[in-house]
Amino acid sequence: MPGPSTEALSTPAVLVDLDVLERNISRMAERARDAGVKLRPHAKTHKSPEIGRLQRAAGAWGLSLAKVGEAEAFVNAGFDDLFLAYPVFGEDKARRLLSLTDRARMAVGFDSVEGARSLAATFADAGRTLDVVLKVDVGYGRVGVLPSHAVEVARSVAELAGLSLRGIFTHAGHGYLAETRDGVEAIARLEGERLVETAERLREAGLPLDEVSVGSTPTAALAMKVPGVTECRPGNYVFHDASQVALGTCSLEDCALTILATVVSVPAADRAVVDAGSKTLSSDPLRPRPGGHGQILGRASRLEKLSEEHGVIAVAPDEVFRVGERVRILPNHACVVANLHDSLIGVSGDHVETVIEVAARGRVR
Ligand SMILES: Cc1ncc(COP(=O)(O)O)c(C=O)c1O
C-alpha cells in the first residue's frame, strides 16, 4: 500500500526520494569495494542514524562526523565505530570522548601538538588510549598541516601518552571551486597522491599508520583509486544537490533531496514568492560559480533572492506562477538544508513513506 500523497504535506517540507537515496548509497559502497578501500561516509550530511544504518548495511565500516555532540547522538543510537574528522580541542571534549570510548571505537582528527595535547592527559590519567588521525592540507587551505610539516607534528604527538596515531586524512574541499570536470579530476588525483606520499614519509620516519583517508563527494571516485589510499569519507553523495550537478559529479536524477514549497504571493507578473527562505534553504551559494538559491524543478524561472522566510522567484517571460501552487526546489547545498530541519520526509514517487529524524541537528559542541 503506498503511503499518503505528498499533496497533504504542510510546506515547506524537505523531501528525500528513498529510491534515489538507496541507489546513491549502494553505488558509493560498490565504488569503495571495487577500489579496495573502506568507506566511512561523513554523516554530517544527514545527521540521521536511520540513513547511517542504510550506509552501514551497504558496507560502510563506520561513520565520520565532525563534533563530539554528533558522536554522542550516534553512539546513543547504537553506532560503535566513529571518526571525528575535525581538529577536536579541549579537556571538556576529551572527558566526553573518554566516556564515548566505553561504548564505541572512536578516533579524532588533529593538526597541532597543542590540540593533541589538550586531549592526551584525560586519556593517560584514565589509563586509556584515544586514536588520533593527523589532518594534512593537500591544497584546500582550511585546516591541516602542510605535507612538509607532517613528520614533525606526527612524531611529537606519537610520543604523547594517552594517544595512538592511527593514520592521516585530508579533505579536498577546493574541488568545489574547480570550474571544469578536468579541474575536479586533477584535484582528486592530487588529493590521493599527496596524502599517500605524506604517508610514505611518515612510515620512513618510523611512524606506522593504518589509515590513509581521503574524501569529498566530487573527488571520491578518483581519489579512492590512488594506490595506498585505505579509506574514503564522502558525505554529500547520499543526497547530492544543485552544486554537485553543476560540478558534473552527478545528474539531476541522482538528487534525492528537494524542498516542497508553496507559492504564497505573486505581487507582479515577473515576481513570485515561495514559503522557503534562508531558514529553509540556507544561504549557501551554488558551486563552483554562484547562481541563484536553488533550482526550481521543471521551470526556467530562477530563485533570485532569499530573506528568512521568503524565496523570491524572478519569473521567466513565458512562465506563470499561481498563488497556492507548489514547486520543488533543488537546493544549492543539501547538507546545510538537512541541519535546518527536525525531520526529512522519505518519499517514494509522490507518496510519503517515512519520517526521518535529523537526530544530531544543531549538535555543534
Ligand atoms: C573533513 C571532511 N571530510 C569529508 C567531508 C565530506 O565531503 P562532501 O560533503 O563533499 O562529501 C567533509 C565535508 O565537509 C569534510 O569536511
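Counting starts at 1 for both ligands and their atoms, following the listed order. Quick caveat, the model's predicted, so the values are computed rather than measured. Numbers for residues simply follow the sequence, beginning at 1. Keep in mind that the numbers below use all heavy atoms, side chains included, and drop hydrogens, waters and symmetry copies.
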**OP:** Kindly identify the option in Met28, His42, Lys44 whose heavy atom sits closest to atom 14 (O) of ligand 1.
**Re:** Lys44
Original post:
Which one of Gly235, Ala334, Gly144 has a non-hydrogen atom at the shortest distance from atom 11 (O) of ligand 1?
Top reply: Gly235
Original post:
Per the side chain to side chain donor-acceptor pair (under 3.5 Å) rule, which among Gln244, Arg287, His333 passes with Tyr176?
Top reply: Gln244
**OP:** For atom 7 (O) of ligand 1, find the nearest protein heavy atom and state the residue, atom name and distance (0.1 Å precision).
**Re:** His171 CE1, 3.3 Å
Original post:
Would you say the side chains of Thr262 and Thr11 form a donor-acceptor pair under 3.5 Å?
Top reply: yes
**OP:** Answer yes if the side chains of Asp254 and Ser251 hold a donor-acceptor pair under 3.5 Å, and no otherwise.
**Re:**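 Yes, Ser251 and Asp254 have a side-chain donor paired with an acceptor closer than 3.5 Å.
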**OP:** Before signing off on this row, confirm whether Thr45 and ligand 1 have an N or O atom pair separated by under 3.5 Å.
**Re:** no
Atoms of ligand 1 less than 4.0 Å from [X] heavy atoms?
{"X": "Gly215", "value": "3 (N), 4 (C), 5 (C)"}
{"X": "Pro234", "value": "11 (O)"}
{"X": "Asn236", "value": "8 (P), 9 (O), 11 (O)"}
{"X": "Ala85", "value": "1 (C)"}
{"X": "Ser216", "value": "7 (O), 8 (P), 10 (O), 11 (O)"}

**OP:** Give the ring-plane orientation class for Tyr140 versus His174, where under 30° counts as parallel, over 60° as perpendicular and anything between as tilted.
**Re:** parallel
Out of curiosity, is [X] lining ligand 1, as in a heavy atom under 4.0 Å away?
{"X": "Arg142", "result": "yes"}
{"X": "Ser64", "result": "no"}
{"X": "Tyr176", "result": "yes"}

Donor-acceptor check, side chain of [X] to backbone of [Y], threshold 3.5 angstrom: yes or no?
{"X": "Glu304", "Y": "Ala314", "value": "no"}
{"X": "Arg299", "Y": "Val320", "value": "yes"}
{"X": "Ser156", "Y": "Glu152", "value": "yes"}

Original post:
Can Asp81 and Arg40 be said to form a salt bridge (Lys or Arg N to Asp or Glu O under 4.0 Å), step by step?
Top reply: CA-CA 9 Å; Asp81 188 342; Arg40 186 181 283 281; 3.0 Å; yes
Original post:
Counting only heavy atoms, which portion of Arg233 has something under 4.0 Å from ligand 1: side chain, backbone, both, or neither?
Top reply: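 Answer for Arg233: both.
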**OP:** Quick one: do Glu211 and Lys38 satisfy salt bridge (Lys or Arg N to Asp or Glu O under 4.0 Å)? Show the steps, please.
**Re:** CA-CA 9 Å; Glu211 298 304 352; Lys38 296 174 195 159; 2.5 Å; yes
